[in-house]
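Throughout, a chain's letter reflects where its sequence line sits, starting with A, and its residues are numbered from 1.
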Amino acid sequence: MSLAELPGLRRAWLRVTLGGQGAVYKGRFTLTPQRSHEFPDLIRPMLAVLGDLPQGPGWAFEFKWDGVRATTYVRDDRLRVLTRNDLDASRTYPELHALTGLLTRPAVLDGEIVALDPEGRPNFSRLQSRIHTRRPTDDLLRRIPVSYYVFDLLHLDGRSLLGEPYTHRREALADLDLPAHPSIRVPPCFTDLPGETVQSIAADHGLEGVVAKRLDSRYDPGRRSPSWIKVPLIRTQEVVIGGWRPGEGRRSGTIGALLLGVPTPSGLRYAGKVGTGFTAPMLSDLQSRLHPLHRPTPPFKDEVPTDHARNAHWVNPVLVGEVQFRTWTPDGRLRHPSWRGLRPDKSPSDITA
DNA sequence: ACTAGCTGCTCC
DNA sequence: TTTCAGA
DNA sequence: TCTGAAAGAGCAGCTAGT
């Protein structure tokens, strides 16, 4: 592989105007490149499998960053940023152009784009407005700056490092000596601490979890490899079922999602919906339990957003269940919720937020 | 002409 | 992203 | 074991209705 050209777009969106008299055709075109010729250097990100903390020697532990995965291609004063889906985000995050000033050698880096909250923790919710803004205004850049956390080095001086073990790639990354810069960071990896210790540090600092990486592993582009194991910090929450929505497709005829609440002194606060984690028996059991609880109006003290409430069936809020989730969103919704099951031993008054 | 409500897109 | 179910 | 389909959240832009 050479770094003769930076990889380009996988897709492009075009708007075409045909004819002079208002004959407008708007269409979306997909340009599929011939990979071998146009994009010789596209390196798809290696992915981690979900699992438990590995024990014993041979592993490094990194923090799991709550942001957007991005590979960057740097050569001279040129930079290309590609997301996990090979979409071009070079303009979306102009902060990353600092890389061209910090690197004197052509390189391909792997890392995570993050937006820090006031406590200095990467926070995906803060990043949302940046993700969707291809040409951010100065105001947005000031309000929500991003940083690039570089955790791997895939290509340097036109030479691939994919076959090198993790330890070598990480040393080579350190040897780049990226100077301290507010927009570019090289986060730590821990090779002499037990995974549990790193995990508890992550928990203490409100981080998302840890990723364990085998010290001797090569970089497997585009593969979900057991050489990388992600261990998110999972939280559980007891919730009250306040409604449900019918499923579609394979789930038509049964429940698609449950609408959840958390009791507060002033009433049941809406906490979002959960649509995964059910087995088929769970769904049919829930259906028969929810049916007799039907009521015409939402049981929540606050307004349920219309797109959540669409097609919803409301129930008396008496059934308690448990969900696993990652974090709360700023407006009090569960992020990445997954249904664990009913808690018939509990009543809504037992729940603490 | 305005706006609520869709749909589609992007990410986790 | 996570999870389940079917091939 | 792999693949497809269900689900979450937020934003931009189009559309249909007033």
Whole Å only: how far is the [atom1] atom of [X] from the [atom2] atom of [N]?
X       : N       : atom1 : atom2 : answer
L207(A) : dC12(B) : CG    : C1'   : 16 Å
E112(A) : dC12(B) : CD    : C1'   : 9 Å
R335(A) : dA7(D)  : CZ    : P     : 20 Å
L286(A) : dA6(D)  : CG    : P     : 19 Å
H132(A) : dA9(D)  : NE2   : C1'   : 8 Å
W339(A) : dA6(D)  : CH2   : C1'   : 17 Å
R126(A) : dA9(D)  : CZ    : P     : 20 Å
R69(A)  : dT10(B) : CZ    : P     : 18 Å

Checklist entry - Below 3.5 Å, does any donor atom in the side chain of H336(A) face an acceptor in the base of dG8(D), or the other way round? => result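 For H336(A), whose side chain was compared with the base of dG8(D), there is no donor-acceptor pair (under 3.5 Å).
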If you only use heavy atoms from C-beta on, which nucleotide in [options] is closest to the side chain of [X]?
X       : options                  : answer
T133(A) : dG8(D), dA12(D), dT3(C)  : dA12(D)
E208(A) : dA5(C), dT2(C), dC12(B)  : dC12(B)
L87(A)  : dT2(C), dA5(C), dC11(B)  : dC11(B)
Q324(A) : dG8(D), dC12(B), dT3(C)  : dT3(C)
K273(A) : dA9(D), dC11(D), dC12(B) : dA9(D)
R251(A) : dA6(D), dA12(D), dC11(B) : dA6(D)
R333(A) : dT2(C), dA9(D), dC11(D)  : dA9(D)

Within the structure, does a side-chain N or O atom of [X] lie under 4.0 Å from either OP1 or OP2 of [N]?
X       : N       : value
K230(A) : dT2(C)  : yes
R310(A) : dC6(B)  : yes
R326(A) : dT2(C)  : yes
N85(A)  : dT10(B) : no
S125(A) : dA9(D)  : no

Under 3.5 Å donor-acceptor, [X] side chain and [Y] backbone:
X       : Y       : answer
T133(A) : P136(A) : no
T236(A) : F325(A) : no
R251(A) : G256(A) : yes

Next on the checklist: So, using ring pair (Phe, Tyr, Trp, His ring centres under 6.0 Å) as the criterion, who are the partners of H313(A) when residues are at least two apart?
Outcome noted: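 Scan of H313(A) (ring pair (Phe, Tyr, Trp, His ring centres under 6.0 Å), adjacent residues dropped) gives W244(A).
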Checklist entry - Using atom P of each nucleotide, how far apart are dA6(D) and dT7(B) to the nearest Å? => result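 Looking at atom P only, dA6(D) and dT7(B) are 15 Å apart.
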Next on the checklist: Please give the distance between the P atoms of dG8(B) and dA5(D) as a whole number of Å.
Outcome noted: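 The answer is 16 Å between these two P atoms.
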Item to check | Earlier contact from the 5' end, DNA chain C, for R224(A) and R250(A) | outcome: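 Of the two residues, R224(A) wins.
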Next on the checklist: At 4.0 Å (heavy atoms only), tell me whether L50(A) reaches a base, stays on the sugar-phosphate, or touches nothing.
Outcome noted: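 Sugar-phosphate: the residue L50(A), judged by heavy atoms under 4.0 Å, touches backbone atoms but no base.
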Next on the checklist: Please classify the nucleic acid contact of D331(A) as base, sugar-phosphate, or nothing, using heavy-atom distances under 4.0 Å.
Outcome noted: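 Since only primed, P, OP1 and OP2 atoms lie under 4.0 Å of D331(A), the category is sugar-phosphate.
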Checklist entry - How far does CG of L79(A) sit from OH of Y73(A), to the nearest 0.5 angstrom? => result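 Interatomic distance, L79(A) CG to Y73(A) OH, rounded to 0.5 Å: 11.0 Å.
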Item to check | Where at least one partner belongs to residues 246-274 of chain A, residue pairs that pass ring pair (Phe, Tyr, Trp, His ring centres under 6.0 Å), sequence neighbours excluded | outcome: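 Those involving residues 246-274 of chain A are Y270(A)-F300(A), Y270(A)-H308(A).
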